[in-house]
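Since this is a predicted model, take the numbers as computed values, not measurements.
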Amino acid sequence: MPTTPATATHSSSNGTAEPIMLELVDENGTTIGTAEKLAAHQAPGQLHRAFSVFLFDEQGRLLLQRRALGKYHSPGVWSNTCCGHPYPGESPFAAAARRTYEELGISPSLLAEAGTVRYNHPDPASGLVEQEFNHLFVGMAQEALKPDPEEVGETAFVTAAELEKRHAEGPFSAWFMTVLDAARPAIRELTGPSAGW
């Protein structure tokens with residue numbers, strides 16, 4: 001399995017590299033411990049905290065990203081604007097803003113909480129499992145994108161109708177429709193009825 005910055009290590013405050021740890025949670029989203037990132041995703045998976053971000057432009061189009069081919073999980077597939085995992089003790093909101101900047105080079109505007117969703121999605125291609133308690137966020141993308149090529153292969157802004165066509169053609173991440181459907185009430189509130197979400 002390829003090692004990427006997301007699976008290997010992150011730098012601690014003293015400059016040394018350490019394994020990326022995730023927060024394990026119970027069914028109510030209460031933190032119960034930690035696990036190394038890859039171990040948490042190995043079958044049958046350990047329930048852990050995650051986040052998903054949906055950013056829109058001023059025309060109500062959703063920003064999608066195609067995951068870079070070097071990603072350890074679901075490489076080369078389309079997914080929502082940004083998703084990931086808070087570090088232990090990091091708030092989901094802070095993690096969502098941090099990773100959106102790291103992956104896409106932008107700071108979301110009007111970023112708002114949009115609820116949570118719990119799911120279990122195995123990935124047959126990799127054998128990994130997404131057992132996640134996912135915090136959802138919606139907001140606006142009002143800056144020029146500067147994607148990190150190690151994280152993002154491609155980006156696109158799509159209308160609701162365009163997304164339906166793209167999704168039918170695939171490939172999309174296993175969790176995409178679950179998180180999109182859970183976020184729809186907040187997306188409709190943000191984009192208005194005319195956007196069709």
Side-chain angles (χ1 to χ4, degrees), residues 1-7 20-55 62-88 90 92-93 95-96 99-100 102-104 113-138 151-156 158 160 163-187 197:
M1 184 169 300
T3 298
T4 69
T7 60
I20 293 180
M21 303 299 288
L22 306 185
E23 274 189 3
L24 300 181
V25 299
D26 64 16
E27 293 291 338
N28 298 313
T30 302
T31 302
I32 58 171
T34 61
E36 188 275 325
K37 183 176 182 178
L38 187 56
H41 289 87
Q42 290 174 336
Q46 295 173 279
L47 184 60
H48 58 275
R49 195 176 309 284
F51 64 83
S52 290
V53 177
F54 296 86
L55 298 184
L62 172 61
L63 173 58
L64 297 177
Q65 70 155 279
R66 185 191 290 265
R67 294 165 63 84
L69 292 175
K71 299 281 275 186
Y72 82 105
H73 194 319
S74 303
V77 302
W78 288 96
S79 199
N80 48 295
T81 307
C82 179
C83 54
H85 310 90
Y87 295 131
E90 181 182 28
F93 184 92
R99 282 304 290 164
T100 301
E102 290 171 357
E103 291 188 10
L104 295 160
E113 294 183 12
T116 60
V117 62
R118 190 259 195 257
Y119 53 79
N120 176 2
H121 286 301
D123 176 28
S126 68
L128 300 175
V129 178
E130 290 287 5
Q131 282 263 26
E132 294 189 331
F133 189 94
N134 198 303
H135 297 256
L136 308 171
F137 298 92
V138 300
E151 299 287 343
V152 180
E154 189 178 350
T155 60
V158 297
L163 175 61
E164 193 172 321
K165 182 174 185 295
R166 275 179 180 258
H167 190 261
E169 295 169 353
F172 272 76
S173 65
W175 62 86
F176 176 75
M177 286 307 297
T178 301
V179 292
L180 175 64
D181 288 344
R184 280 186 197 273
I187 290 170
W197 294 103

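- Atom CG of L64 is separated from atom OG1 of T155 by 9.0 Å, given to the nearest 0.5 angstrom.
- The side-chain heavy atoms of N120 and E130, taken from C-beta on, include no pair separated by under 4.5 Å.
- Proximity of a side-chain donor or acceptor of D123 to a complementary backbone N or O of L128 within less than 3.5 Å is not detected.
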Between E103 and Q65, is a side-chain contact (heavy atoms from CB on, under 4.5 Å) present by the stated rule, with each step listed?
-> CA-CA 10 Å; E103 291 188 10; Q65 70 155 279; 2.7 Å; yes

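- Note on E132 versus R118: no salt bridge recorded, every NZ/NE/NH1/NH2 to OD/OE distance being 4.0 Å or above.
- Counting heavy-atom neighbours within 6.0 Å of E90 CD, excluding the residue itself, gives a total above 12.
- Side-chain atoms of R66 come within 3.5 Å of backbone atoms of G76 as a donor-acceptor pair (strictly under, hydrogens ignored).
- Formation of a donor-acceptor pair under 3.5 Å by the N28 side chain with backbone atoms of T30 is not found in this model.
- Minimum heavy-atom separation, H41 to L22: CE1-CD1, 3.7 Å.
- Put simply, the side chain of S173 does not reach to within 4.5 Å of the side chain of W78, judged on heavy atoms.
- Within the structure, the salt bridge (Lys or Arg N to Asp or Glu O under 4.0 Å) test picks out the following pairs touching residues 172-185 (sequence neighbours left out): D181-R184.
- Taken from CG in L24 to CD in Q131, the straight-line distance is 11.0 Å, to the nearest 0.5 Å.
- In this structure, CG on L104 lies 6.5 Å from OG1 on T100, to the nearest 0.5 angstrom.
- The number of heavy atoms from other shown groups lying within 6.0 Å of CD (E154) is above 12.
- Under the 4.5 Å side-chain criterion, counting only non-hydrogen atoms from C-beta, E36 is not in contact with I20.
- The CZ atom of R99 sits 9.0 Å away from the SG atom of C83 when rounded to the nearest 0.5 Å.
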Begin with the C-alpha distance, continue with both residues' side-chain angles, and end with the deciding distance and a verdict on side-chain contact (heavy atoms from CB on, under 4.5 Å) for S52 and F176.
-> CA-CA 9 Å; S52 290; F176 176 75; over 6 Å; no

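- V179 places a side-chain heavy atom less than 4.5 Å from the side chain of L136.
- In plain terms, the two heavy atoms of A114 and A186 that are nearest each other are CB-CB, 3.4 Å.
- Legend: residues meeting side chain to side chain contact (heavy atoms under 4.5 Å, CB included) with P185, ordered by chain and number and at least two apart, are absent.
- Rounding to the nearest 0.5 Å gives a distance of 10.5 Å between CG of N134 and CZ of R49.
- Taking the side chain to side chain contact (heavy atoms under 4.5 Å, CB included) definition, one finds that T116 meets it with F133, H135, sequence neighbours left out.
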Under the side-chain contact (heavy atoms from CB on, under 4.5 Å) criterion, do V53 and L63 qualify, and how do the steps go?
-> CA-CA 10 Å; V53 177; L63 173 58; over 6 Å; no

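- Annotation for W175 and S79: closest pair NE1-OG, 3.3 Å, computed over non-hydrogen atoms.
- Here T178 pairs with V117, Y119, H121 under the side chain to side chain contact (heavy atoms under 4.5 Å, CB included) rule; sequence neighbours left out.
- For Y87 against E23, the heavy-atom pair with the smallest separation is O-OE2, 4.2 Å.
- Scored by the side chain to side chain contact (heavy atoms under 4.5 Å, CB included) test, E169 finds K165 as partners (sequence neighbours excluded).
- Ring planes of F93 and F137: perpendicular class, angle over 60° (limits at 30 and 60°).
- Annotation: ring pair (Phe, Tyr, Trp, His ring centres under 6.0 Å) contacts of F54 (sequence neighbours excluded): none.
- When all heavy atoms of T34 and P88 are compared, the pair lying nearest together is CG2-CG, 3.8 Å.
- With values rounded to the nearest 0.5 angstrom, L62 atom CG is found 5.0 Å from T81 atom OG1.
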Evaluate side-chain contact (heavy atoms from CB on, under 4.5 Å) for R166 paired with F172, printing each intermediate quantity in order.
-> CA-CA 9 Å; R166 275 179 180 258; F172 272 76; 4.1 Å; yes

